[in-house]
Protein chains: 2
Amino acid sequence: MDSVDGLYSDGMPKDRRSPGPAPRPAPDGLDEVDRELVRLLTADGRMANNALAEATGIAPSTCLARVRSLRERGVIRGFHADVDLGALGQPLQALIAIRIGAHSRDEIDRFRSKVPGLPGVLSLFHVSGANDYLLHVSAATPDALREFVLDHLTADPAVVHAETSLIFEHIRATPDARN
Amino acid sequence: MDSVDGLYSDGMPKDRRSPGPAPRPAPDGLDEVDRELVRLLTADGRMANNALAEATGIAPSTCLARVRSLRERGVIRGFHADVDLGALGQPLQALIAIRIGAHSRDEIDRFRSKVPGLPGVLSLFHVSGANDYLLHVSAATPDALREFVLDHLTADPAVVHAETSLIFEHIRATPDARN
DNA sequence: AGTGAAAAGCGCGCTTC
DNA sequence: GAAGCGCGCTTTTCACT
């Protein structure tokens, strides 16, 4: 049993049977229905509006307005297919810890804007600590990965050090773990 | 100009103007239309079926069958909303490098299966190298993050070392970079 | 496997409470 | 801010190529 998250732990039994506006104050601009919509759409981004409406107990038209509002406010940034990269011929993934040695802001900016466009790049984290960046990439073969690192990272004048860790397994948490 | 990716670099000028079946042998079970569907759905997971059909030059009914097949074969695992965690009250993210000291397989398995369910956990990477796991988490406040690490990682008998790096910025690569 | 037409279901604006 | 109605379009099935 988790005693830590401490978020929204008001202990109130959730009972949304009666009509009328929700009495909950809403920590930010989101009420409980909004949160539920976000949770449902995180689990299944193609869920139909009807189904969403029924699952949250509101009318379809209201649901549509809610979801649109969530998108407009940037709470939901977009929807993406979750693809098995192995099936696309990229069975390898790696995380590459990168240390930057550049002193000019321009050179750092150049690095930061070129990397996301490199082939196989999935995402780039700018982090605190001993390393400056953590790069998540996919590759077709070990050789392709090695070439990627040599040609795009080691060869980059801004990069001082690059350490590659192969990803054996990537477990994505279920969305309801966030609430 | 990238001279590296080396994938599908057959040097053949791509010319899919003529009708009839594609002459391309297809590296795995996916032809060019499948790849395009995957690419489009990665960019916009809620794209309508007829829009997909038109964009790929096939009939809506065919498109539906293609996409279903992609899902059934596991090429597309699912669709998910991309959510701004800050808007949900979790403005902090971190990557935590974890070293495991457990000697029994059971204890490692226990760790691996408990972590994805912990509050705020986004994903868990099992990696090669000096560290065993890399954990991507979100948190409401620095204190909540600290508590998470202390209660769930430092306190875990399987964990020997946990090093937290705050994520300043997370740049997700555009999907077309993978082709 | 790909297509076209027809039926079922959904998106989404408008009006009312 | 939420619900109900209704039109138009999309999705989805099915017989056919």
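All chains are named by letter (A, B, ...) in the order of the sequence lines, taking the proteins before the strands, and each is independently numbered beginning at 1.
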Check your understanding: Which residues pass the side chain to side chain contact (heavy atoms under 4.5 Å, CB included) test with A:Asp84, sequence neighbours left out?
Key -> A:Ala87, B:Arg77
Check your understanding: Are side-chain heavy atoms of B:Glu147 and B:Leu150 found at a separation under 4.5 Å?
Key -> no
**Study point:** Nucleotides bounding contact with chain A, strand DNA chain D, heavy-atom threshold 4.0 Å
**Key:** D:dA2 to D:dG4
Study note, to complete from the structure: Residue set satisfying side chain to side chain contact (heavy atoms under 4.5 Å, CB included) with A:Ser165, at least two apart, ordered chain then number -> B:Val127, B:Ser128
Check your understanding: Does anything in residues 157-169 of chain A pair up under salt bridge (charged side-chain N to carboxylate O under 4.0 Å, His left out), and if so which pairs, sequence neighbours excluded?
Key -> A:Glu169-B:Arg112
Practice item. Indicate yes or no: at least one non-hydrogen side-chain atom of A:His170 is less than 4.5 angstrom from one of A:Leu95. Key: no
**Study point:** DNA chain D contacts made by residues 44-51 of chain A, counting heavy atoms under 4.0 Å
**Key:** none
Study note, to complete from the structure: Across all chains, not counting sequence neighbours, the salt bridge (Lys or Arg N to Asp or Glu O under 4.0 Å) partners of B:Arg172 are B:Asp82
**Study point:** Separation of A:Leu118 CG from A:Leu153 CG (nearest 0.5 Å)
**Key:** 7.5 Å
Extract all donor-acceptor atom pairs below 3.5 Å that involve side chains of residues 46-57 of chain B and protein atoms in other chains or at least two apart in sequence.
from: B:Arg46; atom 1: NE; to: A:Gly45; atom 2: O; distance (Å): 3.2
from: B:Arg46; atom 1: NH2; to: A:Met47; atom 2: O; distance (Å): 2.5
from: B:Asn49; atom 1: OD1; to: B:Leu64; atom 2: N; distance (Å): 3.4
from: B:Asn49; atom 1: ND2; to: B:Pro60; atom 2: O; distance (Å): 2.9
from: B:Thr56; atom 1: OG1; to: B:Leu52; atom 2: O; distance (Å): 2.8
from: B:Thr56; atom 1: OG1; to: B:Ala53; atom 2: O; distance (Å): 3.3

Revision key, fill the gap. Residues passing the side chain to side chain contact (heavy atoms under 4.5 Å, CB included) test with A:Ser104, sequence neighbours excluded, are A:Asp106, A:Glu107
Practice item. Taking side chain to side chain contact (heavy atoms under 4.5 Å, CB included) as the test, write out the residues that go with A:Arg73, two or more places apart. Key: A:Leu30, A:Asp34, A:Ser69, A:Leu70, A:Val75
Point to revise | Within residues 59-68 of chain B, residues whose heavy atoms come under 4.0 Å of DNA chain C | key: B:Ala59, B:Ser61, B:Thr62, B:Arg66
**Study point:** Terminal axis angle for the helix from C:dA1-D:dT17 to C:dC17-D:dG1, five pairs an end, nearest 10 degrees
**Key:** 30°
Got a list of side-chain donor-acceptor pairs under 3.5 Å for residues 129-137 of chain A, not counting sequence neighbours?
from: A:Asn131; atom 1: OD1; to: A:Arg99; atom 2: NH1; distance (Å): 3.2
from: A:Asp132; atom 1: OD2; to: A:Ile100; atom 2: N; distance (Å): 2.6
from: A:His136; atom 1: NE2; to: A:Gln93; atom 2: OE1; distance (Å): 2.6

Practice item. Before accepting this row, confirm whether a basic side-chain N of the pair A:Arg35/A:Glu32 lies closer than 4.0 Å to the acidic partner's carboxylate O. Key: no
